[in-house]
Amino acid sequence: MSATIAIGPFSQIITMSGLPLKGAISDEHLVVIENGAMILENGRVEAIGEAKAIRNTAKVKGMPWHELEKQLVAIPGLVDAHTHICFAGSRARDYAARSAGKTYLEIAQAGGGIWDTVLKTRAASEENLTTSMLDRLSRLLQSGVTTAEVKSGYALTVEGELKMLRAIRKAGQDSPMDVIPTCLPVHIVPRDFTGTAMEYVEYLLAEFFPIVQQEQLARRADIFVEEEAFGMAEAKHYLSTLNQRGFDLTVHADQFSTGGSQVAIECGVRSADHLEASGTEQIEALAASGVIPVALPGASLGLGCDFTPGRRLLDRGASLAIASDWNPGSAPMGDLLTCASIFGMWEKLSLAEVLAGVTFRAAAALGLQDRGRLLEGQIADITAFETSDYREIFYQQGQLRPTMVWKRGQLISNSTS
Ligand code: NIG
Ligand code: FE
């Protein structure tokens, strides 16, 4: 396939250009190119504009033209900035218990929860983890995701967490999508660790992270700050040490109780994810900080809990990314479009805010500036839906699937033929 191609006409191209990283956005601010086209060169967007002009340029320069026969709306390839799709086993039993009224923490205390997945993931081979992850990545691709973050965190031993990170790397190599690995060895204190939570953190800092850096397995690290997981003292020590070692940082914060967002802000991390329990004080502090809040509506839907206060965060001036949190426990659905549509309606977000949350704001939560908008120079990750009105994408709440997806300028999914 040629490294250069011109594609069009799209009924609409939603560029996401000119929109701010932080604060509320109304739909009138969306740049919509009606009857648009793009030139893709070496994996990047080389030009974008009205189809007539782009077609002329392509003709003059002798570039191949890909004529689109259908009504298609193009948006930037979606970025899922928070997933746990490297795991073995199912927690349908937990789901049934929660549906019947047991809480997430009660189930964990009774031997279900994260620990159950840890035992199954420890027993799985690296190959099996890679294979099941590739299936989940292709499901994410079906909802238009072209970049997915994937966390470790279900082995909780040095060897087991390395196995997870190696499986994540392999899945990233074998998938057309970009996979961004994150270390989460501090998910809970493993039941078979004989020592305190702080000793567990020390053990990982000494034994695990040097190998991660040597093998270049990940540049990001995460921690679950919660009453049943890790406290503020452990989190501060973990985050400040890894900050010094050059890791990019994120925190599972304020899911059931507050505290995590405060540590996130104090340690200057890139993103604070969850925030379902955040109140006025936490919202104000997040808005005043450089931390990007990430809402995980899949966890609210999977647990039957409150949603992250997205509207209030945006109105106070914070940024807001939206991710699936796909995992076997709290967020089994794993469909970013469905989660984002429902969250937007519940929290009264404009469609521009929902789109921003799954494109350039999600990219920023991963520290990526090179994707999430359709502009000259950006990576040519494009998701196109068969419609002439971008509002249909969320109106159909996940049921309108992308018809065509381009990753770095290559057509990787096409259901038109
Ligand atoms: O993001 N909150 C902690 N971690 C995951 C859930 C993991 C699990 O239940 O397996 C989350 O919701
Ligand atoms: Fe999570």
Side-chain angles (χ1 to χ4, degrees), residues 80-98 102-122 124 129 132 136 148-156 161 164 168 180-191 220-231 235 249-261 264 269 271-278 293-308 321-334 336 339 343 362 365-366:
D80 194 342
H82 182 137
T83 85
H84 306 250
I85 58 170
C86 182
F87 64 85
S90 157
R91 302 236 298 276
R93 192 184 52 175
D94 288 12
Y95 186 89
R98 283 202 304 278
K102 289 261 183 287
T103 68
Y104 187 62
L105 295 182
E106 279 166 358
I107 293 165
Q109 278 155 0
I114 294 172
W115 185 245
D116 185 37
T117 302
V118 168
L119 295 179
K120 288 172 182 143
T121 306
R122 281 183 182 175
L129 291 175
S132 59
R136 295 181 193 118
E149 185 257 21
V150 184
K151 299 175 196 296
S152 73
Y154 286 127
L156 310 182
E161 290 286 308
M164 289 189 76
I168 293 168
I180 312 290
T182 302
C183 308
L184 178 57
V186 280
H187 204 175
I188 53 170
V189 182
R191 296 196 174 179
R220 305 181 81 245
D222 194 352
I223 179 167
F224 184 18
V225 181
E226 191 52 59
E227 280 161 12
E228 297 298 312
F230 293 88
L249 302 168
T250 175
V251 178
H252 278 70
D254 298 4
Q255 184 179 12
F256 303 108
S257 59
T258 55
S261 59
V269 306
S271 80
D273 303 24
H274 275 294
L275 309 174
E276 294 89 335
S278 299
V294 182
L296 305 172
S300 305
L301 293 166
L303 297 174
C305 290
D306 287 344
F307 282 109
T308 303
I322 306 168
S324 75
D325 195 22
W326 190 358
N327 73 67
S330 62
M333 184 214 290
L336 183 58
C339 290
F343 176 67
L366 295 175

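Each ligand, and each atom within it, is numbered from 1 in the order the structure gives.
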Handout entry: H82 and H274 aromatic ring geometry - parallel, tilted or perpendicular at 30°/60° bounds
Key = perpendicular

[X] side chain to [Y] main-chain N or O, any donor-acceptor pair under 3.5 Å?
X	Y	value
D80	S324	yes
R98	G302	yes
D254	G259	yes
T83	E149	yes

Could you tell me which atoms of ligand 1, counted from 1 in the order shown, lie closer than 4.0 angstrom to a heavy atom of [X]?
X	value
H82	1 (O)
R91	8 (C), 9 (O), 10 (O)
Y154	7 (C), 8 (C), 10 (O)

Problem - Y95 atom OH, over 12 foreign heavy atoms within 6.0 Å - result: no

Problem - Within 6.0 angstrom of E106 CD, more than 12 heavy atoms from elsewhere - result: yes

Practice task
Take every heavy atom of T117, measure it against each atom of ligand 1, and state whether any distance is under 4.0 Å.
Solution key: no

Handout entry: Residue-ligand contact E226/ligand 1, heavy atom below 4.0 Å
Key = no

Practice task
Have a look at ligand 1 and work out which part of Y104, if any, has a heavy atom under 4.0 Å from it: side chain, backbone, both or neither.
Solution key: side chain

Exercise for the section: Please determine if the Fe ion (ligand 2) has an N/O/S atom from H84 lying under 2.8 Å away. Expected result: yes

Nearest non-hydrogen protein atom, [atom]:
atom	value
atom 4 (N) of ligand 1	H187 NE2, 2.8 Å
atom 11 (C) of ligand 1	D325 OD2, 3.2 Å
atom 12 (O) of ligand 1	S330 OG, 2.6 Å
atom 2 (N) of ligand 1	Q255 OE1, 2.7 Å

Problem - Derivation of the side chain to side chain contact (heavy atoms under 4.5 Å, CB included) call for H187 and Y154 - result: CA-CA 8 Å; H187 204 175; Y154 286 127; 3.8 Å; yes

Practice task
Starting from the Fe ion (ligand 2), look over the N/O/S atoms of D325 and name the nearest one.
Solution key: OD1

